[in-house]
Each structure stands twice: as structure tokens, then as C-alpha cells.
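To keep things clear, I will list the structure first and then write my remarks on it.
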Amino acid sequence: MELKRLEKEQENLKNRVKIIPFKKKVNLAGGCDVSYNKDRGTGVFVVIDRNFNVLEEKYFSAKVDFPYIPGFLSYREIKFLIGAYNKLKLKPDIIFVDGNGILHPRKMGIASHLGILLKKATIGCAKNLLLGKFRKIKFKRGSKSAIKVNSEILGYALVTRNNIKPVFVSPGNLIDFESAIKYTLLFSKFRIPEPVRIAHIKGKRYVGEK
DNA sequence: GCGACAG
DNA sequence: ATCTTGTCGC
């Protein structure tokens, strides 16, 4: 099937992912999300500062041309994200993506894919677990638990708010686990990191042109 | 074979 | 993801 080809493409792409120490100072954080309406999708990109002020927001709408298939989310959504990103004037130092980074069957979740195409540091923050196992944790902001896939750590379950279930964080590209966790907490006020949460809200409210 | 399965 | 009001709990 066609998915076999895409699987190989992911296998190749993953060789370009770099899980390396993140040194840059983060003044601007980007967040993105895709919302749907019938057969159309809209990508939203927002840029916020460390005080959660929204400095810029851009949209990109187009027809949906790929179904949702677990493990292949980027083939459905990445064009919307790229489209919105290219309209930004401000370029974020780090980007939060709704979905996984290397916590993926082929270590090529949408956050990693986007990070490679944009050559930017990206962090994947999923609301639900795609794969792997982790030990139970206290629902106390800051507590975390490694998510293992075949005994290899690919991400962390991270509690960003007291008494609220964790989000599943994994490096996308050009960043390490520690920094991914650190910045996710730094930019989280509620369960979902603000950049992504805001992008999500903007998307639902957005009524753009075709 | 059966069940799980980001958005 | 999306369709959708009230409602339970911190």
C-alpha cells in the first residue's frame, strides 16, 4: 500500500532528526494547530513572548487531502502548519506542536517532521498517548515519568497543572529531553502549553476565506 | 489473530 | 479532529 512508501520516507527523515542540547535563549515561542471544517483545514500559528502576550498570529486554509491515520498525522496536517508559518514575520526560537516528536513508531511524529522542514527547534506535546508505557505519577505540576518504547525512553508524561492528567512531551528536533520538559512547563499555564492552547482557540474561532 | 491507535 | 448543555469537582 501507499503507506509503505510513507513509512520508508519517515525512516529516512528520522536520520535527520537531531536530539541535541538546546542552548538558545527563548524570547519568542511559537505554537500551532490545525482545525477542520468539512473538507477544509486551517493551520494556525501564533507567536508569544514569555509573558504569554500574543505578538502575531497567522492562518492558512486549504482542502484536506489526506485522512487521519495514527502514525501518519504529519501527512495530513503539516502543509497547513507550513502554510501558516511562512506568513509569520516574527520567527519563534522554539515551536510547540500538538502531537508527538520522536515518541512515534518510527521516531518521526509531526513535531519532528515540522522541525526538519523548518530547521527549527520543536517540541511535541500530545494530549493522548500514542504508544509506550510509563509509571504512574503524582498529579502535581512538574512531576514527570519517562515513557518507554521497547525499553527506550522516547518521551515523558509531564504534569503541567495540579490534579490534571499529564501531557505527553517528546523532543521534535534540535532539542533535548530536559529542555523540552523545561520549556513546556515554562510556557504552560493550564494543561496544554499556551502556544498550542491559544492556537487551538484561534483556529476554532477563525472564519477565514478560501 | 486481537486490540491499540497523536489529531 | 468534530457534533454539543449542563454539570460535577478542585
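Below, each value reflects all heavy atoms present in this structure, side chains not excepted, and no hydrogens, waters or symmetry copies. Convention: sequence-line order gives letters A, B, ...; per-chain numbering from 1.
A:Phe22 has its ring centre less than 6.0 Å from the ring centre of A:Tyr183.
Comparing atom distances between the A:His200 side chain and each of B:dG7, B:dA6, C:dT2 picks out C:dT2 as nearest. Taking the side chain of A:Tyr68 as heavy atoms from C-beta on, and the options C:dC10, C:dT2, B:dA6, the nearest nucleotide is B:dA6.
Within the nucleic acid shown, A:Asn100 comes within 4.0 Å of at least one base atom, counting heavy atoms only. Residue A:Leu129 is classed as a sugar-phosphate contact, given heavy-atom separations below 4.0 Å to backbone atoms only. Heavy atoms of A:Phe72 sit under 4.0 angstrom from at least one base atom. Within 4.0 Å (heavy atoms only), A:Gly71 reaches at least one base atom of the nucleic acid.
Taking atom CG of residue A:Asn128 and atom P of nucleotide C:dT2, one finds them 14 Å apart after rounding to whole Å. Remark: P of C:dT4 and CG of A:Asn37 are 12 Å apart, rounded to the nearest angstrom. Atom CD1 in A:Ile69 sits roughly 13 Å away from atom C1' in B:dA6 (whole-Å rounding). Summarising the geometry, the separation between NE2 on A:His104 and C1' on B:dC5 is reported as 11 Å, rounded to the nearest angstrom. Rounded to whole Å, the distance from NZ on A:Lys165 to P on C:dC10 is 18 Å. One atom, NZ of A:Lys133, and another, C1' of B:dC5, lie 15 Å apart when rounded to the nearest Å. What separates CG of A:Leu131 from P of B:dG7 is a distance of 13 Å, to the nearest Å. The CG-C1' distance, from A:Asp65 to B:dG7, rounds to 15 Å in whole Å.
One finds no side-chain N or O of A:Asn163 lying less than 4.0 angstrom from the OP1 or OP2 phosphate oxygen of C:dG9. For A:Lys127 and C:dA1, the shortest distance from a side-chain N or O to OP1 or OP2 is below 4.0 Å.
A:Tyr36 carries A:Arg76 over the face of its six-membered ring, with the cationic atom under 6.0 Å from the centre and within 45° of the normal.
A salt bridge between A:Lys79 and A:Asp65 is present, with a side-chain N of the basic residue lying under 4.0 Å from a carboxylate O of the acidic one. Note on A:Lys107 versus A:Glu152: salt bridge recorded, some NZ/NE/NH1/NH2 to OD/OE distance being below 4.0 Å.
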For A:Lys8 and A:Glu11, what are the C-alpha separation, side-chain angles and deciding distance, and is it a salt bridge (charged side-chain N to carboxylate O under 4.0 Å, His left out)?
CA-CA 5 Å; A:Lys8 291 182 178 179; A:Glu11 299 283 4; over 6 Å; no
